[in-house]
Amino acid sequence: MSSPRTPLRVIDTGIRAGRENMALDRALIEAHEAGLIPDTLRFLRFRPSALVGAHQILSHEVRLDYCRAQGIEVGRRITGGGALYLDERQFGWELVVDRTRFGTADLSRIAAILCEAAAEALQRLGVPAAYRPRNDIEVAGRKVSGTGGFVEGRTLLYQGTLLVDFDAAQMISALKVPVEKLAKRDLESAQKRVITLREVLGERLPPLETIYATLVDTFAERLGFDPAWGALTEDEETLARRIYAEEIGTDEYVARLDAQEPDVSLVSATLNKRGGAIRADVRLEGPGLARVREVLVTGDFFVTPPRAVFDLEASLRGLSATALPAAVDAFFARTACDMVGLAPADFREAIEAALGQLALQVRGRLVRGHLIGTPRADAPTLVFLHDALGSVRLWRDIPERLVRETGLAALVYDRWGSGDSEALEPPFAHDYLRLEALEALPDGAAIALAFAGAHPERVRGVIALAAHLFREPCTLVEIREQIADFEQGDLRARLARYHGAKTDILFRRLVDLWTADPHPGWGLEPLVAGVRAPVLAMHGADDPYFTTAQLDAVGRLVQGPFERLVLPRARHMPHLEARRAVLEAAARFIRETVGGAAPGHPASSAGTPAASRAR
C-alpha cells in the first residue's frame with residue numbers, strides 16, 4: 001500500500017502590488033509556523049514592481065527616480081538573491097510547506113528537488129527546460145525561471161518566477177545593471193540571457209490556468225501532495241495587512257540597507273563564489289582603528305533564516321578587529337542556518353579580506369587594494385590594473401581564478417579616483433596615462449605596456465585587454481554616447497554603485513580628456529617601444545571603442561614576443577563577455593612566461609606579470 005499523500009491547499013491571490021505580495025509571504029510563514037494553515041501552494045502576480053533581495057543595498061540595485069516617475073513600486077523581498085523586475089506578464093509560484101517532507105535539511109538539495117519538478121512541469125507544456133544550479137531553470141542556456149527561498153522553524157518558503165512574456169527594456173530601465181555598459185548594450189544582453197514561454201511556444205502558449213494546473217499536478221506527483229484548490233482566509237489577509245503597515249510596506253524597511261562612503265575608518269571587500277557575491281564593510285574606531293564599530297554584510301546570496309546575517313552583524317559590534325575571524329566561526333558554530341552554494345567559511349573569508357584591505361600612499365594619494373594569495377620570493381606577483389571607469393569589484397572572480405590556476409599571488413587595487421580609493425582632484429593632465437605609468441602604480445592596458453617599457457627589469461610579461469595607443473573616430477562616437485547616457489540615462493547611477501560620491505568627477509575626467517579637440521595623444525609610444533617582456537594582447541572582435549588597428553600598433557612597437565588574440569562576439573570588456581577564453585589564455589600565457597610558477601614549480605626569477613584593462 002502506498003503512503004498517504006499530504007494535503008496541499010492551492011490558492012491564486014491574483015495581481016497585487018509588490019510590497020503587498022511580500023507582506024503576504026510573511027503572513028503565510030507565520031500562520032504556517034503557528035499551525036493555523038495547511039501546506040500551501042500559492043500563485044501570485046504583480047503590478048509593476050522592482051524588488052531587491054533581503055541582503056542587497058537598495059541604491060545599488062534600483063533606479064529610484066525612474067521607478068518613481070513610472071509608478072513602479074520599489075520593495076524588498078524577505079528572501080535573498082538579486083534584484084527583480086516583475087509585472088503582469090510574469091507570475092510567481094511559492095510553496096509554504098513543512099520542510100521535513102523533503103527528507104533533507106540541505107537547502108541546496110531542496111532547491112534542486114523543486115527546480116527539477118518545475119522544469120518537468122514546463123517540459124509537459126512542450127518547453128525543453130532544465131534545472132541549472134544554483135537556482136535557475138533554463139531553455140538552451142537562457143533563463144526562463146529563477147527561484148529562491150529559506151527555512152524558518154519547520155516552515156519552508158520556496159518561490160519561483162516564470163517569464164510568460166517579458167519587457168527587457170523596462171527591466172533595464174528599472175534596475176541597475178552591475179557593469180558600466182550602455183543601456184542599449186544591456187538591452188541586447190538581457191534579451192540574450194532570458195527567454196519567455198511566448199518565445200518558445202508561440203501560438204501554442206496555453207492560458208495561465210493550464211500552466212498553473214500543470215505545475216500543481218507535477219508538484220503533487222513528484223512531492224507526494226494531494227492538492228485541492230482553496231482561498232485565503234480573512235485571518236490571513238488581516239495578518240498580512242498588519243505586517244504591511246508595521247514593517248514590509250514601509251519605506252524604512254525597503255531602504256534599510258544603504259551604501260557607506262569609504263574613508264580611512266572603513267575597510268571593504270567583495271567575495272565572488274558559486275553561491276553568490278558577499279560584500280563585507282567593516283567600520284573601525286578607537287586608537288589605531290583597532291575596534292569594530294559595525295559590520296555590514298550585503299550581496300546576492302541565500303541564507304536561511306535570513307535574519308542570521310543580521311544576527312551575525314550584531315554579534316561582531318564592539319569586538320577587536322583581530323578577534324573578528326574567530327568570532328565569525330563561533331557565531332556559525334552556535335547558530336543553525338543553511339546556505340545555497342556557500343559555507344560559513346565564505347563569510348569569514350569576506351570579512352578577513354575586508355580587514356586585510358591595503359592602504360597605500362601613492363604620489364600623496366590614498367589608494368586601496370587587496371593582496372590575494374601569498375607572495376613567494378621565488379615567483380612573480382600578478383598585478384591587476386583596471387580601466388578608467390572600473391574598480392576592483394568589476395574584475396569579479398578573475399583574480400581569484402588566476403591565483404588558483406597559476407599558484408601566484410595577485411595584487412588588485414582601485415586606482416586614484418575609483419572604488420574605495422581617494423577621489424580625483426582637477427586639473428586633469430592630458431598625459432595622465434603616461435604620468436601614472438612612470439610615477440604611480442600603473443593602471444589600464446596601455447599604461448601597463450608603458451610601465452613595462454619604462455621598467456623592463458620589473459615586468460615578466462603583460463596581458464593587455466582592449467589596449468589602445470590612440471583615439472579613433474569610433475572611440476569618440478562611443479564616448480559621446482556614454483556622455484548622453486550619463487546625463488540622460490542611468491550610466492551615472494550604475495557607476496555610483498562602485499564609485500559612490502566620486503562618480504561625477506571620475507566621469508568628468510574621461511569627458512575632458514577623451515573629447516579634447518584636437519586630441520593631443522597620450523605620448524605612450526616611446527615607452528611601449530621599450531617593452532622587452534612577452535605580451536599577450538586580447539581584443540573583442542566587436543569592440544565599439546577601438547579596432548584591431550590598436551593591436552597592429554602595439555605589435556609594431558614592442559620588442560619582445562607578441563601574441564594577439566581577437567575574441568569572437570566579445571565587445572570592450574572581454575574578461576566579462578568572453579570569460580572562459582580570457583581565463584584559459586591568461587593562465588596559459590602566465591605559465592609559459594614565468595616558467596610554470598605554480599605550487600611545486602617555482603619561477604626562475606621574480607617579476608610582475610600584469611593583467612590589464614584599457615582606458
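This is a predicted model, so every value here is computed, not measured. Position 1 is the first residue of the sequence; numbering continues from there.
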Legend entry - Any side-chain heavy-atom pair of Y413 and L385 under 4.5 Å: yes
Inset, instruction - Inspect the contact between D504 and R508 and indicate whether a charged nitrogen and a carboxylate oxygen are less than 4.0 angstrom apart. - result: no
Inset, instruction - Measure from the ring center of H539 to the ring center of F546 and say whether it is less than 6.0 Å. - result: no
Legend entry - Atom CZ of R480: over 12 foreign heavy atoms under 6.0 Å: no
Inset, instruction - For residues F507 and R492, determine if any side-chain heavy atom of one lies less than 4.5 Å from a side-chain heavy atom of the other. - result: no
Inset, instruction - Determine whether T503 and F486 make a side-chain contact, defined as any pair of heavy atoms from C-beta on separated by less than 4.5 Å. - result: yes
Legend entry - Flag for Q357-D420: side-chain donor and acceptor within less than 3.5 Å: yes
Inset, instruction - May I ask you to test the T475-E472 pair for a side-chain heavy-atom distance under 4.5 Å? - result: yes
Legend entry - pair Y85-I72: side-chain heavy atoms closer than 4.5 Å: yes
Inset, instruction - Could you check if a side-chain atom of L394 sits within less than 4.5 angstrom of a side-chain atom of V392, using non-hydrogen atoms only? - result: no
Inset, instruction - Run the salt-bridge test on R348 and E352 with the 4.0 Å N-O cut-off and return the result as yes or no. - result: yes
Legend entry - Between H575 and W395, ring centroids under 6.0 Å: yes
Inset, instruction - Evaluate whether atom CZ of R132 has more than 12 neighbouring non-hydrogen atoms of other residues, nucleotides or ligands under 6.0 angstrom away. - result: no
Legend entry - Under 3.5 Å donor-acceptor, H499 side chain and G419 backbone: yes
Inset, instruction - Any chance you could measure Y498, atom OH, to L506, atom CG, to the nearest 0.5 Å? - result: 13.5 Å
Legend entry - pair V127-L197: side-chain heavy atoms closer than 4.5 Å: yes
Legend entry - Test salt bridge (charged side-chain N to carboxylate O under 4.0 Å, His left out) applied to D346 and R274, R279, K273, the passing residue: K273
Legend entry - Salt bridge D397-R579, side-chain N to carboxylate O under 4.0 Å: yes
Legend entry - Heavy-atom donor-acceptor pair, R497 side chain to H60 backbone, under 3.5 Å: yes
Legend entry - Carboxylate-amine/guanidinium contact R588 E592, below 4.0 Å: yes
Legend entry - Within-4.5 Å side-chain heavy-atom neighbours: I463 and V535: no
Inset, instruction - Output, in order, the C-alpha distance, side-chain angles, deciding distance and verdict of salt bridge (charged side-chain N to carboxylate O under 4.0 Å, His left out) for D542 and R571. - result: CA-CA 5 Å; D542 300 326; R571 299 177 62 83; 5.7 Å; no
Inset, instruction - Determine whether the side chains of D281 and S268 contain a donor N or O and an acceptor N or O closer than 3.5 Å. - result: yes
Inset, instruction - Take R368 and E422 through the test salt bridge (charged side-chain N to carboxylate O under 4.0 Å, His left out) and record every step on the way to the result. - result: CA-CA 8 Å; R368 309 296 288 267; E422 188 175 340; over 6 Å; no
